[in-house]
Asker: 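If you scroll down you'll find the structure; I have some questions about it.
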Amino acid sequence: MVDTAITNGRVVTERAVTDADVGITDGRITAITAPGTLHTTATDVIDAAGRLVLPGFIDSHVHVNLELGEYTTTDEMSDLTRAAAHGGVTTVIPFAVPDRDESPLAALGRRREEAAGDAYVDYSFHGCLTEATETSLAQVPELIDRGATSIKAFMVYEDRLMLDNGELRDVMDRTADAGGTMLVHAEDNAIIGRLIERHREQGDMAYDAHADTHPPVSETAAMWTVSELVAESECPTLLVHASARRTEEIATHAERNDLPLAVETCPHYLALTDEVYGRDDGEAFVCSPPVRSNEHREALMEMVSSSRVAVVNSDHCGYTMSQKRRHRDDITRMPNGLPGVETTGPVLHTEAVTSGAASIRQFVRLMSTNVAKLFGLYPEKGTIAVGSDADIVIFDPDEEWTIEPESLHMATDYSPFQGRSVTGRAETVLVRGERVVDGGLVGSPTVGEYCHRTPESAGRHYREL
Ligand code: URP
Ligand code: ZN
Ligand code: ZN
């Protein structure tokens with residue numbers, strides 16, 4: 001007997017595509033059998049004929065309550081995770097960014113308290129160091145012991161989040177020594193700063209200057225620095241939100257030199273181009289790094305095809321259109337970031353799988369397996385196997401629909417993909433066997449549980465992506 005049987009679906013994992021039934025008991029996968037064999041033994045049967053049965057998506061790059069300048073992102077954990085569930089995401093890993101005068105450990109404790117009982121899907125947190133004082137560096141081992149085995153650092157956002165190269169080096173060394181991993185926002189603040197000053201002198205500070213002031217070289221120069229620091233420290237590191245063509249050379253260098261350095265990109269870099277900054281609503285697309293020209297977009301898609309991009313995450317940042325508009329004439333005061341936790345699955349499926357650029361197994365790796373491997377959640381999460389958590393998305397790969405803000409659930413009033421036709425949709429979403437979405441929302445904010453990641457699992461699978 002099993003509690004739930006998902007029958008007649010096409011089960012996709014990182015390794016195989018198989019027609020099979022999946023049995024679930026007490027929140028875990030307990031049987032994978034020939035199609036049409038499990039329905040008689042289950043209390044609850046989900047007919048997945050004509051559908052894909054995928055491991056739940058994991059989004060390890062989402063911002064909740066991020067305060068930057070005069071803005072704080074709009075979502076609470078319940079908003080973020082409700083929207084995530086609608087998009088097939090069954091685990092999120094936001095950042096425990098310390099407030100001013102708050103320690104990294106206090107930030108983690110506060111985030112955990114805020115999230116308890118307020119999450120529709122499972123969650124963990126990345127630790128975050130916004131300064132490299134002896135006090136904050138000394139907290140790295142305890143962050144890792146408390147389950148935040150990955151530490152985020154920013155090379156930009158001066159006066160709030162930024163570490164300089166010396167500070168970053170210390171944080172990476174300390175994280176490596178404690179058995180943790182890093183995520184780095186790599187952009188060169190000095191290059192960007194001088195370009196902004198030049199634009200300011202010319203009175204050219206509106207949103208359409210964003211891409212010019214954040215050129216590809218500011219990103220790849222900083223990435224090379226990170227690459228060197230990884231070579232020295234051997235700290236497993238994810239370069240987040242890669243947008244530039246020459247990231248490919250950094251990924252190839254890492255591969256040839258056996259560096260534990262992986263690359264993330266986001267759907268907006270794969271589906272949009274810098275033409276958006278010429279539009280009247282161009283401020284809606286301001287994010288760092290910016291969306292780039294088609295040449296960069298194509299190169300990133302090539303990196304997806306060749307598996308040099310390891311993961312695709314949303315970099316979800318919930319701001320409203322009025323927040324984006326308020327300082328549209330001053331890029332230094334505009335909130336950076338785009339909402340997207342709900343749309344990554346359909347946008348990537350359309351751009352990568354429907355287009356023929358990647359296989360459905362690659363899609364599963366990018367959206368789930370590799371994220372679980374990078375962040376110490378595999379094989380409990382990130383796959384469909386006996387013994388794994390029953391985090392499952394029943395996905396219709398053929399459904400064509402148009403993204404419109406009214407049909408989404410994020411705490412904002414726009415989507416960077418609005419008006420775009422996509423193929424593929426999450427129909428039914430289970431978190432540890434419990435239905436959270438089934439046509440519409442059926443779960444509650446008490447479903448989500450904290451995933452305590454261990455130092456033993458952190459970085460273990462970094463070289464197997
Ligand atoms: O523009 C972005 N990406 N905003 C969110 C914060 C960050 O840098 O990840
Ligand atoms: Zn960033
Ligand atoms: Zn981000």
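These numbers were taken from a predicted model, which means no experiment stands behind them. The residues of the chain are indexed from 1 along the displayed sequence. Read the numbers this way: they start at 1 and go in the same order the structure lists the ligands and their atoms.
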Asker: For E14 and K373, what are the C-alpha separation, side-chain angles and deciding distance, and is it a salt bridge (Lys or Arg N to Asp or Glu O under 4.0 Å)?
Answerer: CA-CA 11 Å; E14 69 278 23; K373 286 184 170 178; 5.1 Å; no
Asker: Side chains of E187 and H214: is there a donor and an acceptor less than 3.5 Å apart?
Answerer: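 Their side chains do not contain a donor-acceptor pair, so the 3.5 Å distance test is not met.
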Asker: Where is the nearest protein heavy atom to atom 8 (O) of ligand 1: which residue, which atom, and how far?
Answerer: Y157 OH, 2.7 Å
Asker: Name of the D315 N, O or S atom nearest the Zn ion (ligand 3)?
Answerer: OD1
Asker: With a cut-off of under 6.0 Å to the ring centre and 45° to the axis, is R453 in cation-pi contact with F375?
Answerer: no
Asker: Answer yes when R246 and E249 have at least one side-chain N-carboxylate O distance shorter than 4.0 Å, and no when they do not.
Answerer: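 The answer is yes: the pair qualifies as a salt bridge.
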Asker: Under 2.8 Å from the Zn ion (ligand 3) - does any N, O or S atom of H316 fall there?
Answerer: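 No, outside the cut-off.
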Asker: Would one find an N or O of K152, backbone or side chain, under 3.5 Å from an N or O of ligand 1?
Answerer: no
Asker: Nearest protein heavy-atom contact for atom 9 (O) of ligand 1: which residue, which atom, what distance?
Answerer: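 Here the nearest protein heavy atom works out to H63 NE2, 3.0 Å.
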Asker: Any salt bridge between R169 and E228, counting N to O under 4.0 Å?
Answerer: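 No, no charged N to carboxylate O under 4.0 Å.
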Asker: Is the gap between the ring centers of H210 and F285 under 6.0 Å?
Answerer: no
Asker: Relative to the heavy atoms of C287, which atoms of ligand 1 are at a distance of less than 4.0 Å?
Answerer: 1 (O)
Asker: Once you round to the nearest 0.5 Å, how far does CG of L259 lie from CD of E232?
Answerer: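 It is 12.0 Å, given to the nearest 0.5 Å.
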Asker: Quick check: does H63 put an N/O/S atom under 2.8 Å from the Zn ion (ligand 3)?
Answerer: yes
Asker: So if I count the atoms of ligand 1 from 1 in the order they appear, which ones are less than 4.0 Å from some heavy atom of H61?
Answerer: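 Counting atoms of ligand 1 from 1, those under 4.0 Å from H61 are 9 (O).
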Asker: For atom 3 (N) of ligand 1, which protein heavy atom lies nearest, and how many Å away is it?
Answerer: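 I find the closest protein heavy atom is D315 OD2, 2.7 Å.
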Asker: So if I count the atoms of ligand 1 from 1 in the order they appear, which ones are less than 4.0 Å from some heavy atom of H185?
Answerer: 7 (C), 8 (O)
Asker: Knowing that exactly one of T90, V121, L441 qualifies, which makes a side-chain contact (heavy atoms from CB on, under 4.5 Å) with V429?
Answerer: T90
Asker: List every atom of ligand 1 that sits less than 4.0 Å from any heavy atom of H241, numbering the atoms from 1 in the order shown and giving each element.
Answerer: 8 (O), 9 (O)
Asker: Answer side chain, backbone, both or neither: which part of C317 comes under 4.0 Å from ligand 1, heavy atoms only.
Answerer: side chain
Asker: Salt-bridge test for D391 and R432: reply yes if a basic N is under 4.0 Å from a carboxylate O, no otherwise.
Answerer: no
Asker: Could you tell me the residue and atom name of the protein heavy atom closest to atom 1 (O) of ligand 1, and the distance to it rounded to 0.1 Å?
Answerer: S288 N, 2.7 Å
Asker: Is E114 salt-bridged to R110, cutoff N-O under 4.0 Å?
Answerer: yes
Asker: Please work out whether any backbone atom (N, CA, C, O) or any side-chain heavy atom from C-beta onward of N336 is under 4.0 Å from ligand 1, and answer side chain, backbone, both or neither.
Answerer: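 For N336, the contact with ligand 1 is made by both the backbone and the side chain.
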Asker: Which angle, to 10 degrees, forms at the Zn ion (ligand 2) with NE2 of H241 on one side and ND1 of H185 on the other?
Answerer: 90°
Asker: Quick check: does G337 get an N/O under 3.5 Å from an N/O on ligand 1?
Answerer: yes
